[in-house]
Colleague: 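Structure incoming, see below.
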Amino acid sequence: MTARAFEPAGLSPAEGREAGASGAGGEGMDRDGRLVAVAMSGGLDSSVTAWLLARAGRPVVGLSMLLWDRSAEARHGRCCGALDLGDARRVAQQAGIPHYTLRLDREFRRHVVDPFVDDYLAGRTPSPCVRCNTWIKFDLLLERARRLGAERLATGHYARILAGADGPELHAALAADKDQSYYLFELTAEQLAASLFPLGAMTKAQVRALARQAGLVVAGKGESMEVCFVSGGIREFVEAEVAAAPGRFGGGVGGTAAGSEAGSEARSAVELAAGRPATLVDSGGAVLGAGQPYYRYTVGQRRGLGLAARHPLYVLAIEPDGNRVVVGEERELLAAGLLGERLHWIGPEPDRASGASGGGGAGGAGAPIEATVRIRSRHPGVAARIHPRGPRRPDGLPDTPGPRDPLDSDRAGEVEVEFLEPQRGVTPGQAAVFYRGSRVLGGCWIRKRLG
Amino acid sequence: MAQTFVYLDHNATTPLDPRVRQAMLPWLGERHGNPSSLHRFGQAARNAVEEAREQVAALIGGRPPEVVFTASGTEANNTVVASVAGGGGHLLISAIEHPSVRQAAARAERAGVEVSRVPPGADGVVPAAAMVAALRGDTRLVCLMLANNEVGTLQPVAEVAAECRARGIPLLCDAVQAVGKVPVDASRLGADYLVLGAHKFGGPLGAAALWIREGVETDGLLVGGSQERRRRAGTENVPAIVGLGAAAALARLEVGEAGAARGGGGAETGERPALLSALRYRFEAGLAAIPGAVVHCRTAPRLPNTSHVAFPGAEGEALLIRLDLAGFAVSTGSACSSGTVEPSSTLLAMGLSAAEALCSIRVSFGPSNDPAEVDRFLAALAREVAALRRLTGGDAATAVAAMAGSKEPA
């Protein structure tokens with residue numbers, strides 16, 4: 001079997017550049033520029049990815065990341081547990097490839113775990129898998145892979161990289177039920193050019209069949225679910241983290257409307273994390289009662305409010321500053337749009353609407369960008385008009401990520417997204433990802449619901 | 001891709017010497033028996049174990065009844081340190097002991113024993129005077145390794161032991177890295193306990209020995225049967241113990257008789273240390289071709305086979321992996337159960353920064369290496385260090401300048 005059997009044709013324009021790629025040179029460097037690193041979590045998907053690449057006859061090196069070193073909590077089926085890294089090692093042996101474990105736990109804490117806790121304390125519902133892809137896998141791990149002489153990093157993501165006129169494009173997986181392109185929206189064209197997603201055209205059933213056929217030790221393994229570094233309840237995790245290091249959090253992962261007040265918000269948030277019950281109010285501001293601490297709620301939540309009402313009540317908004325949770329009826333959840341931040345386009349900014357659409361009216365610079373928007377990972381998508389507000393953020397990521405995203409606090413990348421049909425469940429902290437057909441154009445982070 | 005592999009990590013473990021394998025084979029095949037059994041099977045197994053005990057005792061200048069077989073050097077070290085865990089008092093160790101001593105000491109500390117840790121000098125040698133100065137009236141045990149597993153420095157065990165003996169304080173000498181590479185005489189060293197492990201000198205995994213000076217009483221870690229004169233319960237691992245004995249007999253011939261230790265005079269040093277020395281000399285001389293390479297502890301007395309080298313601007317983890325991909329097995333010196341690379345704890349104890357420690361690798365030669373392998377390794381090393389520096393923008397001159405000037409450049 002050759003690589004073509006599983007790599008979609010025209011996989012990436014970078015394919016043809018490999019011979020002259022950087023890092024090679026000198027005798028004995030033949031593996032440089034051809035070597036593919038595969039990120040191995042010990043789960044089914046990345047294991048099959050490694051096995052497929054090895055079978056294709058290319059030089060392959062398996063890399064696992066030690067992300068969360070809490071051996072006592074490690075349990076089977078969680079992506080970063082020690083046992084899973086052991087599975088990765090065993091699969092690498094089965095595939096006949098060398099395998100190494102790289103320690104990235106400090107970076108994982110800084111770029112994924114701390115912002116995750118910060119988000120809850122700021123009343124947001126975070127999406128840590130996006131951050132892990134953006135900051136850990138396709139930034140730090142890719143860089144480590146390059147140091148080992150690899151030009152490409154393969155992962156077991158269900159998504160596709162296709163050659164486009166303006167460079168590599170990110171597309172949804174062919175199997176819609178497994179599509180993970182939503183989590184990859186912050187990648188840059190340069191990162192895509194260095195990536196391989198061999199499973200993008202496959203179904204989960206095919207992947208599992210391949211694992212069985214190959215006799216991989218992980219063939220019978222279940223899905224990794226939810227948040228890999230949280231072994232119990234998320235709320236309990238947040239409380240334990242804050243209790244363990246109160247000063248660590250609320251330093252301003254930013255993204256709040258009042259960025260300059262992040263400090264005071266943080267202090268109050270940490271105090272509140274001690275467990276003061278939030279005030280439940282309706283959308284008119286009338287007090288309905290006392291609830292749990294605010295960070296225990298999620299926008300759209302219905303159960304567990306403990307309020308008697310004629311109609312079912314839902315969480316509409318979480319306001320850490322006043323320790324308030326706004327609740328209301330289902331119709332009040334409907335949003336006409338969202339205000340986003342940290343707008344990111346994978347390639348050049350897409351074409352603007354030609355002028356027939358509403359909003360700004362005429363086409364050109366002021367006209368909106370039309371796209372289908374998914375406001376959470378399993379959202380089917382809604383047609384929308386995208387109005388970038390601020391200047392475009394610089395492309396790519398900073399070479400050396402700072403303690404927290406340095407771009408979070410600046411106003412570049414503000415965006416308004418106008419839905420053509422009202423949507424429920426617009427949740428601050430989640431990503432809004434923009435699609436045209438199967439192609440991911442980019443996306444933004446939801447700051448708040450509009451209308 | 002046809003690739004030959006060169007193994008340069010003999011301080012981690014050595015390949016089984018084919019002659020040792022021959023000695024073991026009957027006990028992995030037609031022969032078997034529990035040494036404690038009365039019948040002829042048991043008698044034969046007992047005889048094999050006792051023969052191995054004599055071989056080990058002869059290697060280190062001890063008497064057979066002083067030798068207790070264990071499953072690992074870790075078990076032997078743990079056994080001795082654990083024997084002082086209860087009852088308070090003071091435990092003195094060097095800061096560069098093997099984790100099986102350091103962690104056992106930490107456990108004793110949690111049980112109420114006061115623990116002092118004496119750091120090495122910048123040359124990787126723990127000053128004898130500093131150890132002696134840290135002795136107290138209530139010191140119950142002193143632990144000082146004979147050779148450091150990471151940088152290979154030889155420690156002044158005889159000097160410290162002499163002072164300990166004068167004060168009646170027992171001394172544990174972890175000689176796991178030294179035995180089989182340099183002559184070791186347990187009695188002359190003056191230690192009360194000495195530990196060695198078969199797989200560090202051509203023997204199999206799973207057999208080690210704890211030498212306990214006659215007259216010294218120690219509680220065993222494992223209780224149950226009356227094996228090993230009640231000092232270590234559990235059925236003896238006969239094949240591995242036979243292998244340990246065979247490896248000891250070979251070492252006695254090839255490393256040198258007990259009594260040829262440093263300053264010992266008398267018996268001749270064997271060919272193995274000279275062979276290892278020559279390989280290392282060739283390697284360290286060849287390092288001159290790699291800009292910025294720095295050999296740690298170069299001026300200190302070292303094991304003949306060990307070289308710990310810094311390549312400023314070339315991260316050790318990436319270098320280790322690149323070398324492995326190129327077919328050369330080396331180490332950074334510290335193994336971690338998660339399989340990740342940690343900075344050498346010995347280098348850190350010597351006062352190096354984590355960044356300095358993290359750009360270092362340990363090369364440890366064995367008797368089966370040859371000069372051609374050293375030359376191929378040097379070529380690969382030069383290539384990989386240069387490639388890595390190019391990829392990370394690490395400039396050797398800048399990185400060298402940034403490092404402390406206490407080390408002699410290669």
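As a basis for the values below, the full set of heavy atoms in this structure was taken, side chains included, without hydrogen atoms, waters or symmetry mates.
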Colleague: What's the spacing between R144(A) CZ and L391(B) CG if we round to 0.5 Å?
Modeller: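 So the CZ of R144(A) and the CG of L391(B) are separated by 14.0 Å.
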
Colleague: Do Y100(A) and D324(B) have side-chain heavy atoms sitting under 4.5 Å apart?
Modeller: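 Yes, at least one pair of side-chain atoms sits under 4.5 Å.
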
Colleague: In this structure, are over 12 heavy atoms from other groups packed under 6.0 Å from R107(B) atom CZ?
Modeller: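 No - once you tally the heavy atoms of other residues, nucleotides and ligands closer than 6.0 Å, there are 12 at most.
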
Colleague: Return the minimal non-hydrogen interatomic distance between L325(B) and L148(A), and the atom names on each side.
Modeller: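 Closest approach of L325(B) to L148(A), heavy atoms only: CD1-O, 4.1 Å.
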
Colleague: Residues two or more places apart in sequence or in another chain: which of them pass side-chain hydrogen bond (donor to acceptor under 3.5 Å, both in side chains) with S364(B)?
Modeller: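 Partners of S364(B) under the side-chain hydrogen bond (donor to acceptor under 3.5 Å, both in side chains) test: none.
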
Colleague: Looking at E109(B), I want to see if its CD is surrounded by more than 12 non-hydrogen atoms of other residues, nucleotides or ligands under 6.0 Å.
Modeller: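 Buried by this count: over 12 neighbours within 6.0 Å.
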
Colleague: Return the set of residues passing side-chain hydrogen bond (donor to acceptor under 3.5 Å, both in side chains) with D375(B) (not counting sequence neighbours), or none when no residue passes.
Modeller: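 For D375(B), the residues satisfying side-chain hydrogen bond (donor to acceptor under 3.5 Å, both in side chains) (neighbours in sequence not counted) are R282(B).
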
Colleague: Quick one: CZ on R147(A) to CG on L319(B), what's the gap to the nearest 0.5 Å?
Modeller: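 If I round to the nearest 0.5 Å, the distance is 12.5 Å.
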
Colleague: Taking atom CZ of R376(B) as the centre, report whether more than 12 heavy atoms of other residues, nucleotides or ligands fall under 6.0 Å from it.
Modeller: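 Yes.
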
Colleague: Step by step, work out the salt bridge (charged side-chain N to carboxylate O under 4.0 Å, His left out) result for R103(A) and E317(B).
Modeller: CA-CA 10 Å; R103(A) 186 163 190 156; E317(B) 176 182 71; over 6 Å; no

